[in-house]
Amino acid sequence: MRVKISKETANDVLNLALDTLRIGKQALIFAGTKQGAEKTAEEISKKAKTNDAELDKLSLQVLQSLSKPTKQCERLASCVKKGIAFHHSGLTHQQRAAVETGFREGKIRIICSTPTLAAGLDLPAYRSIIRDLKRYGNYGMDWIPVLEYLQMSGRAGRPKFDTEGQAIAFAGNDSDEIYKRYILGKPESIHSKLAVEPVLRTALLSLISTKFITTQNAIMDFFSKTFWAHQYGDMKNLGLTVSKILRQLEEWGFITSMEEFRSALDEDEKINATAIGKRVSELYLDPLTAHHLIQCMQKTETDETFPYLQMISSTLEMRPALRAGTRDHDNIQELLTKNEGKLLIEEPSPFDDEYGEFINSMKTAWFFQEWIEEKDEDYLLEKFRVRPGEIHSKLEIADWLLYSAIELGRMLLLRNTCRQLMKLRLRVKYGAKEELMQLLKLKGIGRARARRLFSHGIKDLAGIRKEGVQKLSEIVGSKIAEDIKKQAG
DNA sequence: GGACGGTGAAACTTCAGGTTGCCTC
DNA sequence: GAAGTTTCACCGTCC
């Protein structure tokens, strides 16, 4: 089928989008990066001539999803005003929901998105436009998986409304390659061998700790019957990986064999989870991460925050860590010097493979440090290029890791460290300095109000009791003033 | 003559996603 | 590897 599109601008993605608007249909546009998605949405919205009171309402909703709108919020809001939106992991939950329902209801005509929408959500459109078929990966720029292409093009056509759908991919100079790869090519198998180890580690420990499996033979037997082994194909290799992981788990003290003097695990030997191994499994923690946390905590008992932030920032769970660019170089060097001798993970040689990952984890830790120093989201967006939604997801992971670390620390009787970590967890949760801790215990008081109270000299519950409702009302509003007065007793 | 502003090309920077736990001093 | 962003030199205009 041939479709003629008028060449209104030099940008064909833009032309296609404008054409979609003209024929009164909806489109999803897939871009390779968040920046790319935002950019295309913005370009289209500048050319779109939509005007609608409903959209104004939606736009306002998007803008006010945070107490203080960031530049990203403003950008999205101005797009939505024109019936265009972008969608990626850096959006807040409310924003995502607003964009999705807005599209389902037909108010939003075009969404420019990263592959988020293709995988998880059922959001069909008349046109599915794939702008980028290449993406930056571990080995430079590379083709996206066939599976992903199918998922994106599969969004075209809405079964209930359209009799047809169009999936359009932008080819550039590689149309032959694209035809071979994506139209004729087979999707790759679901499991990749590289991703196996963390999952296998967690699964193994869980099987052992629930006493579902007690010998290595039984383990191999179990895995040979799973679909997973079928996918993995090579049982011999899987066997080697399994015994390697078992040895690691033993070394880390998460499992024991009955005859402890034997260094290697015998195949019929009984295997049990240790108390701490059991807890690790209950926490759904990757044993490697658990081991890392334990080692770090046993190394120090500091009352500084940065070492612990570095500890949680250098886990697999926290990946992808924030990328450190050249403009961060000086700041990170300064951090390294300032924390010399206190870091829980030593700086590797710059020639080491891990060096880049180390620097990234330093940047992530630094980001958390700034967060608990009460820097606002706009500042963080500017300085770290972290979007609001990402801030939340990183904080959630941080909270979970800190919780896990506290649990493990408690079992290891690291009382002092646990106390520090509990304080830190609260600060990470609220993004506040330690001096606000007392006030944050109150319901309805977050870091913003706590800071306002504090700067008026009200520093704790006693301070609230002393102050009159009138004065409190001026600071935090009358409803909350009454409420916290009640809470303070 | 100098402040200001627009333009374009070169240099530089950055690059997807999302599941896990919960009362504990 | 390539899109997006920043920087900077260059030119023209207005006062």
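Each chain gets a letter, A, B and so on, in the order the sequences are listed, and its residues count up from 1.
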Round to the nearest Å and state the distance from [X] atom [atom1] to [N] atom [atom2].
| X | N | atom1 | atom2 | result |
| --- | --- | --- | --- | --- |
| A:L205 | B:dT20 | CG | P | 19 Å |
| A:R385 | B:dC15 | CZ | P | 8 Å |
| A:L322 | B:dC15 | CG | P | 9 Å |
| A:L316 | B:dT19 | CG | C1' | 14 Å |
| A:E282 | B:dC23 | CD | P | 11 Å |
| A:Y136 | B:dG17 | OH | C1' | 17 Å |
| A:I130 | B:dA16 | CD1 | C1' | 15 Å |
| A:M422 | B:dC23 | CE | C1' | 11 Å |

Going by an N to O cut-off under 4.0 Å, is there a salt bridge joining A:K429 and A:D399?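 No salt bridge links A:K429 with A:D399.
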Flag the pair A:E43 and A:K47 as a salt bridge only when some basic side-chain nitrogen lies within less than 4.0 angstrom of an acidic carboxylate oxygen. no
Applying side-chain hydrogen bond (donor to acceptor under 3.5 Å, both in side chains), can you list everything that pairs with A:S45, at least two apart in sequence or on another chain?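 For A:S45, no residue satisfies side-chain hydrogen bond (donor to acceptor under 3.5 Å, both in side chains) once neighbours in sequence are set aside.
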Of all residues at least two apart in sequence or in a different chain, which pass the side-chain hydrogen bond (donor to acceptor under 3.5 Å, both in side chains) check with A:D12?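 With sequence neighbours excluded, A:D12 shows a side-chain hydrogen bond (donor to acceptor under 3.5 Å, both in side chains) to A:K7, A:N15, given in chain and number order.
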Tell me, please, the opening and closing nucleotides of DNA chain C, 5' to 3', among those with an atom under 4.0 angstrom from a non-hydrogen atom of chain A.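 So the outermost contacting nucleotides come out as C:dG1 to C:dT5.
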Separation between the P atoms of C:dG1 and B:dG18, rounded to whole Å: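 Going atom to atom, P in each nucleotide, I get 28 Å.
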Close approaches to DNA chain B from [range], in residue order (heavy atom, under 4.0 Å):
| range | answer |
| --- | --- |
| residues 29-41 of chain A | A:G32, A:T33, A:K34 |
| residues 76-101 of chain A | A:H88, A:S89, A:R96 |
| residues 390-407 of chain A | A:S393, A:I397, A:D399, A:W400, A:Y403, A:E407 |

Just one of A:E382, A:K375, A:K383 clears the side-chain hydrogen bond (donor to acceptor under 3.5 Å, both in side chains) bar with A:Y379, so which one? A:K383
Looking at every heavy atom in both [X] and [Y], which two are closest together, and how far apart are they?
| X | Y | value |
| --- | --- | --- |
| A:A41 | A:I84 | O-CG2, 3.7 Å |
| A:I332 | A:A324 | CD1-CB, 3.8 Å |
| A:Y430 | A:R447 | O-CD, 3.0 Å |
| A:I129 | A:A27 | CD1-CB, 4.1 Å |
| A:L285 | A:L401 | CD1-CD2, 4.2 Å |
| A:W143 | A:Y182 | CB-OH, 3.3 Å |

Stacking of A:Y284 on B:dT20 base (centres under 5.5 Å, planes under 30°):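 By the stated criterion, A:Y284 and B:dT20 do not stack.
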Touch check for A:R410, heavy atoms < 4.0 angstrom, all strands: base, sugar-phosphate only, or nothing? base
Nearest heavy atom decides the nucleotide; on that basis, is A:T114 or A:A324 closer to the 5' end of DNA chain B?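 The answer here is A:A324.
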Distance-only donor-acceptor hits, side chain of residues 389-397 of chain A, under 3.5 Å, sequence neighbours excluded:
from   : atom 1 : to     : atom 2 : distance (Å)
A:E390 : OE1    : A:R387 : N      : 2.9
A:E390 : OE2    : A:K34  : NZ     : 2.6
A:H392 : ND1    : A:P388 : O      : 3.4
A:S393 : OG     : A:E390 : O      : 3.3
A:K394 : NZ     : A:M318 : O      : 3.4
A:K394 : NZ     : A:P320 : O      : 3.0

Under the salt bridge (Lys or Arg N to Asp or Glu O under 4.0 Å) rule, collect the residues that match up with A:E407, sequence neighbours excluded.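 Partners of A:E407 under the salt bridge (Lys or Arg N to Asp or Glu O under 4.0 Å) test: A:R279, A:R410.
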Apply side-chain contact (heavy atoms from CB on, under 4.5 Å) to A:Y284 and list each qualifying residue two or more places apart in sequence or on a separate chain. none
Does A:S206 use its side chain to pair, donor to acceptor, with the backbone of A:T202 at less than 3.5 Å?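 Not at all, since once roles are kept as given, no pair shorter than 3.5 Å links the two residues.
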Please check this pair: side chain of A:E250 against backbone of A:I255, looking for a donor-acceptor N/O pair closer than 3.5 Å. no
Kindly calculate the angle separating the two end axes of the helix from B:dG1-C:dC15 to B:dC15-C:dG1, each obtained from five base pairs, and round it to 10 degrees.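 End axes: 10° apart.
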Enumerate all atom pairs, one protein N or O and one N or O from nucleotides 5-11 of chain B, separated by less than 3.5 Å.
none

State the CE-CG distance between A:M362 and A:L335, to the nearest 0.5 angstrom. 5.0 Å
Any side-chain hydrogen bond (donor to acceptor under 3.5 Å, both in side chains) pairs touching residues 356-365 of chain A, not counting sequence neighbours? A:D328-A:K363
Relative to the ring of A:F254, is the ring of A:W252 parallel (under 30°), tilted (30 to 60°) or perpendicular (over 60°)? perpendicular
